[in-house]
Each structure stands twice: as C-alpha cells, then as structure tokens.
Amino acid sequence: MTLPSTFPICRSVAALRQYVGEWHRQGLRVALVPTMGALHAGHLSLVARGLHLADRVVTSVFVNPIQFGPKEDFAAYPRREAEDAALLAKAGAHALYAPTVDVMYPEGFSTTVTVDGVSEGLCGAFRPGHFAGVATVVSKLLLQAGPDVALFGEKDYQQLQVIRRMVRDLDIPVHIEGVPTVREADGLALSSRNAYLSAEQRSVAPTLHQTLATAADHLAKGTAVDTEVAWGTSQLLAAGFASVDYLEVRDAVTLKPVSVVERPARILVAAYLGKTRLIDNQAVVPA
C-alpha cells in the first residue's frame, strides 16, 4: 500500500497546530482520533465517524509509555507507522500526528492527570497507574490539537468514561464521541490482541460477547445482578477461559456498582484466554 505524497505526517506540536489552525481559520470542524497504532477496522471506524462529524480528521499514533505497567512490555508493542499511515490515507484521514516520546514528555516533564471515581475498580484495579497514563496523554493530545471533537471506541468503555469525566472536569472545549465496538462476524470485538490467540483459543473467544449479550438481556428483564455475574463467570470458565479478572455490572455513566438495574447500565468483563487478556462490555437497558 503506497502512501500518497500529499498525506502529511506531523512530528511536532507546532506542525500539528499549523494544520489544525489553518483548518479552523477556514471555518472547518476538526476531529481527532487518538490511537497507539497497529490499526485495524475498529480504528478506521473512528475515522469514518470523524469524517461524518467534521470536515477534517487528524489521527494520532503514539505508543504511550506511561500507561504501561511493570509487567506489560512497552518495547514489544507493535509499531508499523508506514502501514498505519497508508491505511489512514485510504480511509480519508487528512493528517497523521506521530510524535516521539521526547516530544510528548520532554526532559523535566512532571505532571500527571488523575481521574478519581470512574478509574477505580475494573481495569483500574488490575492495571495500577494505567488510567493516569491514559488521562495524561489524552489531555496533552487534546490541548496540542485543539479539535472540535475527539473519538474513542466503546470497547474500552472505562477509558471512555475516564476521558469524558476529565474533559468535563477540566473544561477542555471538545466533544467526546463514543463509537460502537466493531466486531468479527462471530461477535468477537476487534483488538490487536486477537492476533495472539491460537486457533483453538480463537474458537472459544466469541463466548465472551455471547455471554455478555445473554446476561445483559436477562438483566434488562429483571434478573438479579449477582445471579447473572455468577452465571456469566461460570460460563466463561467452562468454555475454556483460564481466569476472569472481573465480570461486573456498573452504572453506564458513573461506573458505580449496581445491585439492581433500574437505569442504563453496562456489564463489563476482562478474562484471560491462555496468556491473552480480552475485554468487552455490553449495554444494559432496563425494560
């Protein structure tokens, strides 16, 4: 896939702001799609939604070191900028922002953005410091780019709620748009981690979404939360998942635990197939 010679790749904040500033001077709306690269159809759905909501779309590709835990291999995270840039150009994006670590975190950098409440529990309990790293880098990207709208996938639902709360609390002038999860034909949520699954594990993986969908339907009809959580956990373990970090029902906005679904909620899960950690979630809307 050849990259068009006219597709700009910005390496500095100044270059990024030059493009976005010119678009804004022309009266154009600008969308930002933050990513860590290794793009797939899920990322490209964010670009497509951005093109619907704005006149120009800039996508960032930055593997953020401060959101990786001590047991998570930052160095091994896939990096394929040329392929990503070609995919973005073909998808209709207007620019790529690809800063280095030194640009994002220059010598002496000492500020961290922490979002309490929505970052607690769920993945926050199993990945200490992760959401502080996410909030810090996203706040920088939003301030560097100054977009009108920024798009994030609902697959990382807790991350989406962390970012929404951060933007609201810090009065950052941007609309945060959540985009529905893109799935394979059998329901498995698209993720770069799916490539690590063996053929046998891949055949088991769709059970994650199937279990959530069934539990969400039961919860919407009034089944007790504890009953569905216990059932869902046992289903996953019986199907071949090695362990379940969590399977919980939370308020759709605050992410506080709920014992009875009386308003929109979310059932969220993180579970291991072999050494691969998969996450997913499903809306629960009471009948």
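- Considering only residues two or more places apart in sequence or on other chains, R56 meets the side-chain hydrogen bond (donor to acceptor under 3.5 Å, both in side chains) condition with none of them.
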Under 3.5 Å donor-acceptor pairs involving side-chain atoms of residues 231-238, not counting sequence neighbours:
from	atom 1	to	atom 2	distance (Å)
T233	OG1	V229	O	2.8
S234	OG	A230	O	3.3
S234	OG	W231	O	2.7

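- A salt bridge (charged side-chain N to carboxylate O under 4.0 Å, His left out) check over residues 265-287, counting only residues at least two apart or in different chains, returns the pairs E154-R266, R183-D280, D245-R277.
- In this view, F109 and Y105 satisfy the ring-ring contact (aromatic ring centres under 6.0 Å, His included) rule, not counting sequence neighbours.
- For the ring pair (Phe, Tyr, Trp, His ring centres under 6.0 Å) condition, the pairs that include at least one residue of residues 52-76, sequence neighbours left out, are F68-F74, F68-Y77.
- In this structure R263 satisfies the salt bridge (Lys or Arg N to Asp or Glu O under 4.0 Å) test together with D251, sequence neighbours excluded.
- Applying the side-chain hydrogen bond (donor to acceptor under 3.5 Å, both in side chains) criterion to E81, with sequence neighbours excluded, gives R11.
- Applying the salt bridge (charged side-chain N to carboxylate O under 4.0 Å, His left out) test to residues at least two apart or on different chains, the pairs with a partner in residues 187-211 are D186-R202.
- In the model, Q26 has a side-chain atom that pairs as donor or acceptor with a side-chain atom of E22 under 3.5 Å.
- For residues 27-46, no pair satisfies salt bridge (charged side-chain N to carboxylate O under 4.0 Å, His left out), with sequence neighbours left out.
- Across all their heavy atoms, P34 and S60 have their closest contact at CA-OG, 3.1 Å.
- Screening residues 146-176 for ring pair (Phe, Tyr, Trp, His ring centres under 6.0 Å) gives no qualifying pairs among residues at least two apart or on separate chains.
- Partners of D55 according to the side-chain hydrogen bond (donor to acceptor under 3.5 Å, both in side chains) rule, which considers only residues two or more places apart in sequence or in another chain, do not exist here.
- Applying the salt bridge (Lys or Arg N to Asp or Glu O under 4.0 Å) criterion to E120, with sequence neighbours excluded, gives no partner residue.
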